[in-house]
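Single-structure report; data block below.
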Amino acid sequence: MSAKPTTNRKTATESTVDLTVGRPLVRILVFSIPLILGTLFQQLYSFADAVIVGRLIGDDALGAVGATYSLNFLILGFVQGACIGFSIPAAQSFGAKDERDFRRFMWNGVWLGAIMSVIFTASMTLLARPLLAFIDTPAELMGMAVEYIVVIFLGIPSAVLYNHSAALMRSAGDSKHPFYFLLVSCVVNVVLNYVFIGIVGMGVIGSALATVIGQTLSAVLNCWWAFTRIPIFRIRRDEMRWSRHHIARLCYVGLPMGFEHSVCAVGAVAMQGAINSLGAAMVTAQTAGERIRQMFTLPMESVGMAIATYAGQNYGARRLDRIRLGLRDGVIIQASYCVVSWVVIFLFKEPMCRFVLGDARPEVMDAAVEYLFIMSCFFLLHGSLMIFLNTLQGMGYSTQAIISGFGELAGRCLGGWLTVAGGGYLLVCLSNPMAWAFALTYCVVMVTVVLRRASGQFSMAAAAPADMERDGVETVAA
């Protein structure tokens, strides 16, 4: 084990939060609030995106942006998942009070992120059109869909930098400042969307460009704050070098989390193909309903990200009792939120869809309302999945967690197959709930097994020094 740093711990935590102490429910909730607000504002600007695109360009433009969602999810989902995974060993080092190891994981994550950026940016900009054709994007939407997604893919390096920096700050207990900087980028994004589309007339390219610029701004602000205001991020040249040990650990934890997101996205790609087969009207309806649905469910994912950091820090501190309490309290938070969300959607589903779609055709409006309401009835499945999946990942078992992605893939593929086979639009609405149910069942079982196994391992490790001392063997502090 690495030697303990000599840095004054009180100074190093002035801008961070130690999640290994205090009441779990309060700690998780307080730590989650900036994440929840961040995703809400992020979704609000995505919502504003949809409104601006739909109102100023037209229904087809909104459908074209929606048709790219599955590909966007496939690549940027991998990026987000991998970057969150790269932060898990750092969170465990923070919980173990090992600041030098934290920084070694941080810098080696930077090098992996740079490699990931080059590979994905080069390959996906070249493959954008063939992949959109592969999922049967309607011909009338193809041109605008390609224009939009190519610009988004050119911004992959910014996405990597933002996700890696924000995840690292959260792993050290700072969830507030990534939120503040995301808020700034959201405002910039909305303003630039209106300027680029409504004034300059750049079409969907303007929407994509505004997204990339806003994300780049928040990434730069994250890095500025971390390196100038949070002591644990201080730069030491000897800690920046490539380390095979740290790279191996980051790949073991981070890449499976990226693949887990991408496996889910493969299901979304399959589902998008099924939706596309129903025609442009259903694509537009599902896009509008999905945008509103995400505005409600992304806060659940933010609580999940908080749980990943919470579980990582407590696993590093060997506090399995707190992890079990965190599971219980996390589900309580999610269930409470799901009830409120269902009531809001039940009362305001039609005005929300009308706000996004404007004067859309009645069949489009009715389909969007149907999608949104059916999804809201199954929100608790998604919320609970975020708690158990992120607990599993926070403890470092991301290789096992990837199987949950295959559960989601199975659910979405089943929904897509049934849709094409004649199940129609109702199966489109039920595909995500089926995916959540399959994945949740697996994660509940795996978390139970892992906690039981870790309890035995930690007990043996704690007993070993006592046995050595009893037998007259000298012990050396790590």
Side-chain angles (χ1 to χ4, degrees), residues 1-7 9-10 12-13 16-28 31 84-106 167-168 170-173 232 245-246 248-250 252-254 256-257 304-330 387-401 443-470 473 475-478:
M1 184 181 286
S2 302
K4 295 292 191 298
T6 58
T7 303
R9 185 68 180 172
K10 183 177 180 180
T13 56
T16 59
V17 176
D18 189 344
L19 299 174
T20 63
V21 295
R23 289 183 59 191
L25 179 62
V26 175
R27 284 294 198 183
I28 292 168
F31 189 75
I84 293 173
F86 293 161
S87 74
I88 294 301
Q92 292 176 349
S93 296
F94 186 90
K97 311 300 188 284
D98 192 338
E99 296 184 7
R100 176 179 171 81
D101 217 37
F102 177 95
R103 288 187 291 273
R104 296 304 305 277
F105 281 122
M106 174 183 74
L168 280 170
R170 289 192 297 267
S171 73
I232 197 172
H245 163 71
H246 291 87
R249 178 64 179 162
L250 288 168
Y252 177 79
V253 177
M257 287 183 68
M305 285 191 287
I307 286 289
T309 301
Y310 173 88
Q313 287 193 13
N314 281 283
Y315 194 79
R318 301 191 172 191
R319 293 296 308 273
L320 299 183
D321 57 322
R322 289 182 60 80
I323 293 177
R324 292 187 180 94
L325 290 173
L327 282 168
R328 181 199 67 187
D329 293 345
I387 298 301
F388 283 89
L389 174 62
N390 282 281
T391 296
L392 192 60
Q393 292 172 335
M395 292 188 292
Y397 289 85
S398 55
T399 302
Q400 289 80 359
C443 286
V444 170
V445 173
M446 280 305 302
V447 167
T448 303
V449 170
V450 165
L451 283 174
R452 189 173 300 162
R453 184 184 305 163
S455 181
Q457 291 172 344
F458 287 172
S459 297
M460 290 175 61
D467 292 341
M468 294 171 66
E469 185 175 348
R470 185 183 62 243
V473 179
T475 58
V476 180

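Everything quoted here is computed from the prediction, not taken from an experiment. The basis for the numbers below is simple: all heavy atoms, side chains too, and nothing from hydrogens, waters or symmetry mates.
- Aromatic ring orientation, His246 versus Phe105: perpendicular (interplanar angle above 60°, classes split at 30° and 60°).
- A pairwise comparison of heavy atoms in Ser87 and Ala167 identifies CB-O, 3.5 Å as the closest pair.
- Every residue was checked against the ring pair (Phe, Tyr, Trp, His ring centres under 6.0 Å) condition with Phe86, not counting sequence neighbours, and none meets it.
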* Criterion side chain to side chain contact (heavy atoms under 4.5 Å, CB included) on Gln393 and Ile84, from CA distance to verdict -> CA-CA 9 Å; Gln393 292 172 335; Ile84 293 173; 5.7 Å; no

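- Here the straight-line distance linking atom CG of Leu320 with atom CZ of Arg453 works out to 13.0 Å at 0.5 Å rounding.
- The CE atom of Met106 sits 11.5 Å away from the CG atom of Leu250 when rounded to the nearest 0.5 Å.
- In this structure, the side chains of Leu325 and Arg328 come closer than 4.5 Å at one or more pairs of heavy atoms.
- To the nearest 0.5 Å, atoms CG (Asp321) and OG (Ser455) are separated by 9.5 Å.
- Shortest non-hydrogen contact noted between Ile387 and Thr391 is O-OG1, 2.8 Å.
- The structure places OH of Tyr397 at 13.5 Å from CD1 of Ile88, a figure rounded to the nearest 0.5 Å.
- Taking CD1 of Ile307 as the start and CG of Asn390 as the end, the distance is 8.0 Å to the nearest 0.5 Å.
- The backbone N or O of Pro89 lies less than 3.5 Å from a partner atom in the side chain of Ser93, making a donor-acceptor pair.
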* Asked: Stepwise, does the side chain to side chain contact (heavy atoms under 4.5 Å, CB included) test hold for Leu451 with Leu327?
  -> CA-CA 11 Å; Leu451 283 174; Leu327 282 168; 3.9 Å; yes

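- Annotation for Val444 and Thr448: closest pair O-OG1, 2.9 Å, computed over non-hydrogen atoms.
- Between the side chain of Arg319 and the backbone N or O of Gln313 there is no donor-acceptor pair closer than 3.5 Å.
- For Val253 against Gly396, the heavy-atom pair with the smallest separation is CG2-O, 4.1 Å.
- Note: Leu19 CG to Asn314 CG = 7.0 Å, rounded to the nearest 0.5 Å.
- Remark: side-chain polar atoms of Arg170 are not paired, donor with acceptor, to backbone N or O of Ala306 under 3.5 angstrom.
- For the ring pair (Phe, Tyr, Trp, His ring centres under 6.0 Å) test, no residue two or more places apart in sequence or in another chain qualifies with Phe31.
- In this structure, Tyr310 contributes its side chain and Arg322 its backbone to a donor-acceptor pair below 3.5 Å.
- Listed by chain and number, the residues in a side-chain hydrogen bond (donor to acceptor under 3.5 Å, both in side chains) with Gln92 are Arg249 (sequence neighbours excluded).
- The two residues Ala172 and Ile232 have their closest heavy-atom pair at CB-CG2, 4.4 Å.
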